[in-house]
Amino acid sequence: MASVGKSTNIFWQECPVGKLDRQKLLNQKGCVVWITGLSGSGKSTLACTLGRELHSRGKLSYILDGDNLRHGLNKNLGFTPEDRAENIRRVGEVAKLFADAGLICIASLISPYRRDRDSCRALLPDASFIEVFMNMPLELCEARDPKGLYKLARAGKIKGFTGIDDPYEPPLNCEIEIKQENGFCPPPSDMAGEVVTYLEEKGFMQE
Ligand SMILES: Nc1ncnc2c1ncn2[C@@H]1O[C@H](COP(=O)(O)OS(=O)(=O)O)[C@@H](OP(=O)(O)O)[C@H]1O
Ligand SMILES: Nc1ncnc2c1ncn2[C@@H]1O[C@H](COP(=O)(O)OP(=O)(O)O)[C@@H](O)[C@H]1O
């Protein structure tokens, strides 16, 4: 009897067209670019700039943005550690499907806990999970505060806000780290360029 999670009597169905066939069609390799960092660190900005750059080079990508997914797939989840873990788990599984479809999947979530990110990494075949750490100081993110959420968190009107009264655990072994240079944040095009160069060097931009 085959059993997975809570289901029993389930079997894996093989499909006639596989990942390699799709990659050939698209002339690229499926992977997940997982962008993690504090609210306001520039995750969505990098995701959008990277998505546009890949599109202009004829590469198929798709952005999974934490904020957006919380309007649908994850609308029943809040920000407790358990809900964040479930949020990341679901997005990791969806990202895995997109990578299997042959796409360059760009996931952009705070994903504050190391264990949850590492579980997503473990879902993907070797080296096709590319963790990008937006290593921006809290002071910068808080000064940006585009949604006014840090202000609310400091005023005690949002509880459990990442970086204020909920932890952010920085990656220990990420593939790419984006940080300030001489006190300045690199422009979005440079941040995206760094990721594109990595994808080229590792062979994801062609089949
Ligand atoms: N308590 C608390 N902590 C952190 N963030 C909060 C919180 N409440 C709401 N928000 C808003 O939700 C966005 C983060 O959603 P994520 O799905 O990326 O979060 S997580 O990965 O599950 O931690 C995040 O979006 P970004 O600013 O784009 O990161 C916030 O706008
Ligand atoms: N490289 C950058 N240089 C200057 N401003 C940036 C840069 N990246 C992001 N920003 C600005 O910082 C704010 C937060 O960026 P955003 O991408 O929404 O962060 P996050 O998705 O991590 O919450 C936005 O106002 C955005 O325009």
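Counting starts at 1 for both ligands and their atoms, following the listed order. Just so it is clear, the model here is predicted, and its values are computed rather than measured.
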Task: Per-residue contact class, Leu38 against ligand 1 - non-hydrogen pairs under 4.0 Å - done: neither
- [ ] Look at atom 15 (O) of ligand 2 and say which protein heavy atom is nearest, naming residue and atom and giving the distance to 0.1 Å.
- [x] Thr45 OG1, 3.6 Å
Open item on the list: Using a 4.0 Å cut-off to any heavy atom of Pro186, which atoms of ligand 2 qualify?
Closed with: 1 (N), 2 (C)
Open item on the list: Taking side-chain hydrogen bond (donor to acceptor under 3.5 Å, both in side chains) as the cut-off, I'd like each qualifying pair that reaches into residues 190-207, sequence neighbours left out, listed once.
Closed with: Arg57-Glu200
Open item on the list: Suppose we measure from atom 25 (O) of ligand 2 to each protein heavy atom; which comes out shortest, and what is that distance?
Closed with: Pro146 CB, 4.0 Å
Task: Proximity winner for atom 11 (C) of ligand 1, if only heavy atoms of Leu152, Asp116, Leu149 are counted - done: Leu149
Open item on the list: Return the closest protein heavy atom for atom 23 (O) of ligand 2 as residue, atom name and distance.
Closed with: Gly40 N, 2.7 Å
Task: Shortest protein contact, atom 6 (C) of ligand 2 (heavy atom only) - done: Arg144 NH2, 3.4 Å
TODO: Report the part of Asn87 (side chain from C-beta onward, or backbone N, CA, C, O) that has a heavy atom under 4.0 Å from ligand 1; answer both or neither where that applies.
DONE: side chain
- [ ] Considering only non-hydrogen protein atoms, determine which one is nearest to atom 25 (O) of ligand 1 and report residue, atom name and distance to 0.1 Å.
- [x] Lys147 NZ, 3.1 Å
Task: Nearest neighbour in protein (non-hydrogen) for atom 1 (N) of ligand 1 - done: Gly160 O, 2.9 Å
Task: Charged N-O contact under 4.0 Å between Lys159 and Asp166 - done: no
Task: Those residues that, when tested against Phe161, pass ring pair (Phe, Tyr, Trp, His ring centres under 6.0 Å) (two or more places apart) - done: Tyr150
- [ ] Distance to 0.1 Å, residue and atom name: give those for the protein heavy atom nearest to atom 19 (O) of ligand 2.
- [x] Gly42 N, 3.1 Å
Task: Contacting atoms of ligand 2, where contact means under 4.0 angstrom from a heavy atom of Leu38 - done: 22 (O)
- [ ] Kindly identify the option in Glu86, Arg144, Lys43, Arg84 whose heavy atom sits closest to atom 3 (N) of ligand 1.
- [x] Arg84
- [ ] Among all protein heavy atoms, pick the one closest to atom 14 (C) of ligand 1 and tell me residue, atom and distance.
- [x] Ile110 CD1, 3.6 Å
Open item on the list: Below 4.0 Å, non-hydrogen atoms only: which portion of Phe161 touches ligand 1? Side chain, backbone, both or neither.
Closed with: both
